[in-house]
Student: 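Dropping the structure in here first, questions after.
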Amino acid sequence: MSAKPSLIKRLFVLLWKAINGTRKLILNIIFFGFLIAIIVAMNIEETANIETGSALVLNLSGSIVEQQKQVDPFKAAMQNSDANARDGEILLADVLNVIDNAAHDTRISSIVLKTGHLKWTGISKLQSIGDALSRFKESGKPVIATSNWYGQNQYFLASFADTIYLNPQGGVEMEGLSRYRQYYKSALDKLKINAHIFRVGTFKSAVEPYIRNDMSPAAKEANLALMTDLWGSYEDVVSVNRDIADENLVLSAKRYMVELDKADGQSAQMALNMNWVDELATAESFRLNMLDLVGKADDGNSFKQIGFYDYLSLTELHPQLLTSDTVGIIVAKGTILNGNQPAGAIGGKSTSDLLRKARFDDDIKAVVLRVDSPGGSAFASEQIRQEVLALKTAGKPVVVSMGSYAASGGYWISASADYIYATPTTLTGSIGIFGMITTFEDSLASIGVHTDGVATSEWAGVSVTKGLTPEIEDVIQRHIERGYSDFISLVSTERDMSLEYVDSIAQGRVWSGKKAVSLGLVDELGDLKQAVAKAAEMAELDDFDSEIIEQELTPQEQFVQEMFASVAMHLPQSSGNNSVLEQLFSQWSSAIDEFRSFDDPKGMYLYCDNCDF
C-alpha cells in the first residue's frame, strides 16, 4: 500500500520539475529576448549624418592603447557611463585611422581636439597621433584644441593644433619628469623580514627598495640620463610646434612667480602671456567661435560636428577586402606572463599561438610584432622568441615595432627579429635579470612562532617560514647569472655585437629609442606604418594588405563584450570623485595584482621597473 503514494509523489515531483523547467526556459527566453531587443534598439540607430563642413570632435577620454583589454562584464555593468569613458581604452589604430580618413573626407572641415580626460599615455603614442594631426593639417584643414586645463601629456598633443583655447579659469602644467619611489629596508628590518635578492646588472634597480633606504648612485645616474633624454625629445617637439624657446616651457619657481605676478596671479592669463595657448575662452565663447568657423548644425544650437565614435563607426562600415599577400600584425602589450592570457595581455602560450597562426597562414607573407611591454616572465619570453625564430625559419620576415616601451622581456622577444623600429621616446634595453624571495623566520620567531621538522634533502626544507641556507642562495644566484649570460649572449648573436660590448650597455640599464639606435640595440627610428612597409619590402611584396592577428572570441564572449559595451553607456552616472584613500588603495591593489601574477617556473624575471615615466 505504501508504494502507491510513493509513486504518485515521484510523478508529482517529475511533473513539477517539468513545469518549473519550462517556466524558467520561457522566462529566460523572454528576458534575453527583451535584453537583445534593447541592445539592438540602441545599436540600430540611423547612420550618423555628417553635414558638409562639420568639425570632427576628437574627445580622447581614457587611455590610448595598442590593444584593448577584454571587457569584464560585471565591472562594466557597475561603472557609470562617465567613469567608464574616463577609465576606458581607445585603440591607437582607431585614432590614427579616423584622423587620416578625415583628412580626405570633403565633409570634414576641421578637427576639434579635446584632451581634458586623457589619461597617462606614452609620449610615443601621442607622437603618432601628433604626426597624424600634422598630416591632417597638410590637407589645408585646421586643428583646434580646447580644454579647461592642460597637463603635460595633454599639452604635448595640443601643441600640434593650429589654435589652442584655454578656459579663463584654467591653466597649463608642465613640470618635467621625475623618478621617486618608496624604500623599505628599515621597515623590513623592524619587521624582521628577510629579503633574499638575486640579480645581475649594476642598473637593475627593481629590487633596490627591499635592500636600501635610498636610490643607489648608479640608479640615479641612469634615471637622470634617461629622463634628460626623454624630456629633451618632449621639449624639441613642443618648442617647434609652438615656436617657444626650451627655457620658456618648464620655469624655475622664481621665474614662475615673476610671470604669475605679471598675469596678476591668473594662471590662464600667464599661459596666454607665455604663448602656451592662443586664446582664453569659456565654453560659450568657444561655441560662438566654432559657429563662425563651421556654421550652425541643423539640429540644436551647437556647431556642425561629428564625434569620434560616430565617425569611427562610419569608417568601419566598408572594410577593405584583403589581397592574398598580407603583412600580419601581432600586438604584444602588457606584462609577459605564462600560459593563456586574455586579449590586451601577453601570454607565453597565447601570444605564441598567434605567431604560430601567422606561420601556418599561407596568405601571411611577413609579420610585424608590435611590442609595448616592460617584460615579465623569462620562461614565457623565451617561448615567444622561439616562435619568432620559427617564423623566420619558415621564410617569413619578422619586423618589430616598439611602442612606449620594449624593455627587459620586451626586448628579449624583439631581439631575434630581422629588423627593429623604435620611436625616439621608446623605453628599451633594461637587459638584466633578477629574482627575490622574502622569508619570515625572524619575524615569526619574534612573536613566538617557530618552524621545525625533518626533510629528505635541504631542497625539500626550503620555506618562506624557515629561510634559505647560504648554499641554496648560491645556487639561485648562479641561475640568475646564467640567465643574464643567456640574455647578453642572445643580444650579442642577434645584433652582431661582441659579448663585452653588450655587457657594457646592458647591466639592466634602460635607454631611450633614440639612444638605442646609436648603441645598435635598434635599427631605425620609425612607427608602425614604417615597420609594415619594411616587412613588405623584406618579403618582396609590391601589392599587399595588413591584417591584425588577434585572439578570436567565442560567439558568447562576443555577445557579452558588445552587450556590456553598449549597456554601460546608458547606466546612470554617479560621482566620479574618488577619495585619496580610494586612489591609494587602487594603486596598491594594482601593484599587488601585478606581482601576484608573476609566475615564472624558475622565479626569474626580465622586467623593467623604470618604464613608468
Side-chain angles (χ1 to χ4, degrees), residues 122-124 177-181 183 197-212 214-233 335-336 371-376 378 381 400 402-415 420 422-436 480-495 497-523 525 604-613:
I123 295 297
S124 63
L177 299 175
S178 64
R179 173 67 172 172
Y180 288 94
R181 63 194 309 181
Y183 292 81
I197 305 300
F198 312 95
R199 63 171 176 169
V200 181
T202 304
F203 302 99
K204 201 66 178 175
S205 57
V207 294
E208 282 193 354
Y210 305 96
I211 58 175
R212 298 180 61 93
D214 58 0
M215 187 179 290
S216 68
K220 284 184 177 181
E221 174 195 338
N223 286 333
L224 183 58
L226 178 61
M227 288 187 295
T228 301
D229 198 2
L230 295 176
W231 184 249
S233 295
T335 302
I336 302 173
V371 181
D372 196 28
S373 170
S381 298
V400 161
M402 294 178 168
S404 296
Y405 38 52
S408 287
Y411 190 80
W412 182 287
I413 67 176
S414 304
I420 301 176
T423 71
T425 56
T426 295
L427 301 180
T428 189
S430 192
I431 300 168
I433 188 167
F434 73 91
M436 183 177 73
I480 297 296
E481 290 170 358
R482 176 63 194 191
Y484 179 73
S485 176
D486 289 343
F487 204 161
I488 62 174
S489 296
L490 164 66
V491 177
S492 172
T493 300
E494 299 294 353
R495 301 300 300 171
M497 302 170 177
S498 71
L499 202 60
E500 295 74 21
Y501 174 72
V502 174
D503 185 39
S504 70
I505 63 174
Q507 299 291 323
R509 185 159 183 171
V510 184
W511 305 100
S512 70
K514 183 168 61 177
K515 185 64 176 178
V517 172
S518 65
L519 294 173
L521 294 173
V522 169
D523 293 297
L525 295 179
M604 294 194 298
Y605 302 101
L606 308 170
Y607 190 77
C608 172
D609 68 313
N610 291 335
C611 292
D612 56 356
F613 290 113

Student: Do Thr493 side-chain atoms and Ser489 backbone N/O form a donor-acceptor pair below 3.5 Å?
Tutor: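 The answer is yes, because a donor-acceptor pair under 3.5 Å joins these two groups.
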
Student: Among residues at least two apart in sequence or on other chains, which ones pass salt bridge (Lys or Arg N to Asp or Glu O under 4.0 Å) with Lys514?
Tutor: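 Testing Lys514 for salt bridge (Lys or Arg N to Asp or Glu O under 4.0 Å), a comparison that skips the adjacent residues, returns Asp229.
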
Student: Rounded to the nearest 0.5 Å, what separation is found between the CG atom of Leu226 and the CZ atom of Arg179?
Tutor: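 Atom-to-atom, Leu226:CG and Arg179:CZ are 10.0 Å apart.
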
Student: Rounded at 0.5 Å granularity, tell me how far CZ in Phe487 sits from OG in Ser381.
Tutor: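 One gets 8.0 Å once the value is rounded to the nearest 0.5 Å.
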
Student: Where is the tightest heavy-atom contact between Asp372 and Gly403, given as atom of each residue plus distance?
Tutor: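 So the two residues come closest at OD1-C, 3.7 Å.
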
Student: Rounded to the nearest 0.5 Å, how far does CG of Leu519 lie from OG of Ser512?
Tutor: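 The distance works out to 8.5 Å.
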
Student: When you check the gap from the basic side-chain N to the acidic O, do Asp214 and Arg181 get nearer than 4.0 Å?
Tutor: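 Looking at Arg181 together with Asp214, the answer is no, because their closest N to O distance does not fall below 4.0 Å.
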
Student: So, Asp503 side chain and Leu499 main chain: donor-acceptor pair closer than 3.5 Å or not?
Tutor: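 Here the side-chain-to-backbone pair does not exist.
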
Student: My understanding is that only residues two or more places apart in sequence, or in another chain, count here; which of them pass ring pair (Phe, Tyr, Trp, His ring centres under 6.0 Å) with Tyr484?
Tutor: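 Testing Tyr484 for ring pair (Phe, Tyr, Trp, His ring centres under 6.0 Å), a comparison that skips the adjacent residues, returns none.
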
Student: Check this for me, if you would: do Glu221 and Arg509 make a salt bridge, where the nitrogen-to-carboxylate-oxygen distance has to be below 4.0 angstrom?
Tutor: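 A salt bridge is present here (some side-chain N lies under 4.0 Å from a carboxylate O).
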
Student: Would you say that Tyr183 contacts Met215 through its side chain, given a criterion of any heavy-atom pair below 4.5 Å between the two side chains?
Tutor: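 Sidechains of Met215 and Tyr183: in contact.
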
Student: Can you see which heavy atom on Val400 is nearest to which on Ser414, and at what distance?
Tutor: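 So the two residues come closest at CG1-OG, 3.6 Å.
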
Student: Report the C-alpha distance between Ile336 and Ile413 in whole Å, list the side-chain angles of each, state the deciding distance to 0.1 Å, and finish with yes or no for side chain to side chain contact (heavy atoms under 4.5 Å, CB included).
Tutor: CA-CA 10 Å; Ile336 302 173; Ile413 67 176; 4.3 Å; yes

Student: List the atom of Thr428, the atom of Ala516, and the distance in Å for their closest heavy-atom pair.
Tutor: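 Closest pair (atom of Thr428, atom of Ala516, distance): CG2-CB, 3.5 Å.
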
Student: Which residue in the set Leu490, Ile431, Ile433, Val371 passes side chain to side chain contact (heavy atoms under 4.5 Å, CB included) when paired with Trp412?
Tutor: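 Only one option passes, and that is Leu490.
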
Student: Which atom names give the shortest non-hydrogen contact between Leu521 and Gly429, and what distance separates them?
Tutor: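 Closest approach of Leu521 to Gly429: CD1-CA, 4.5 Å.
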
Student: Quick one: side-chain hydrogen bond (donor to acceptor under 3.5 Å, both in side chains) partners of Thr426, sequence neighbours excluded?
Tutor: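 Partners of Thr426 by the side-chain hydrogen bond (donor to acceptor under 3.5 Å, both in side chains) criterion, ordered by chain and then number, come out as Thr423.
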
Student: On a heavy-atom basis, which atom in Tyr411 and which in Val491 lie closest, and how many Å separate them?
Tutor: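 Heavy atoms only, the tightest pair is CE2-CG2, 3.8 Å.
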
Student: Rounded to the nearest 0.5 Å, what separates atom OG in Ser373 from atom CG in Leu427?
Tutor: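 Ser373 atom OG to Leu427 atom CG measures 12.0 Å (nearest 0.5 Å).
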
Student: Passes side chain to side chain contact (heavy atoms under 4.5 Å, CB included), Arg495 versus Asp523? Steps please.
Tutor: CA-CA 9 Å; Arg495 301 300 300 171; Asp523 293 297; 3.0 Å; yes

Student: How long is the straight-line distance from CD of Glu208 back to CD1 of Ile197, given to the nearest 0.5 Å?
Tutor: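 The CD1 atom of Ile197 sits 10.5 Å away from the CD atom of Glu208.
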
Student: So, for Pro217 and Arg212, which heavy atoms are closest and what is the spacing to 0.1 Å?
Tutor: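 Closest approach of Pro217 to Arg212, heavy atoms only: CD-NH2, 4.2 Å.
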
Student: Any donor-acceptor pair under 3.5 Å linking the side chain of Thr228 with the backbone of Leu224?
Tutor: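 The answer is yes, because a donor-acceptor pair under 3.5 Å joins these two groups.
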
Student: State the CG-CD1 distance between Leu525 and Ile420, to the nearest 0.5 angstrom.
Tutor: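 These two atoms lie 12.5 Å from each other.
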
Student: Is a side-chain donor-acceptor pair under 3.5 Å present for Ser124 with Ser404?
Tutor: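 Ser124 and Ser404 do have a side-chain donor-acceptor pair below 3.5 Å.
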
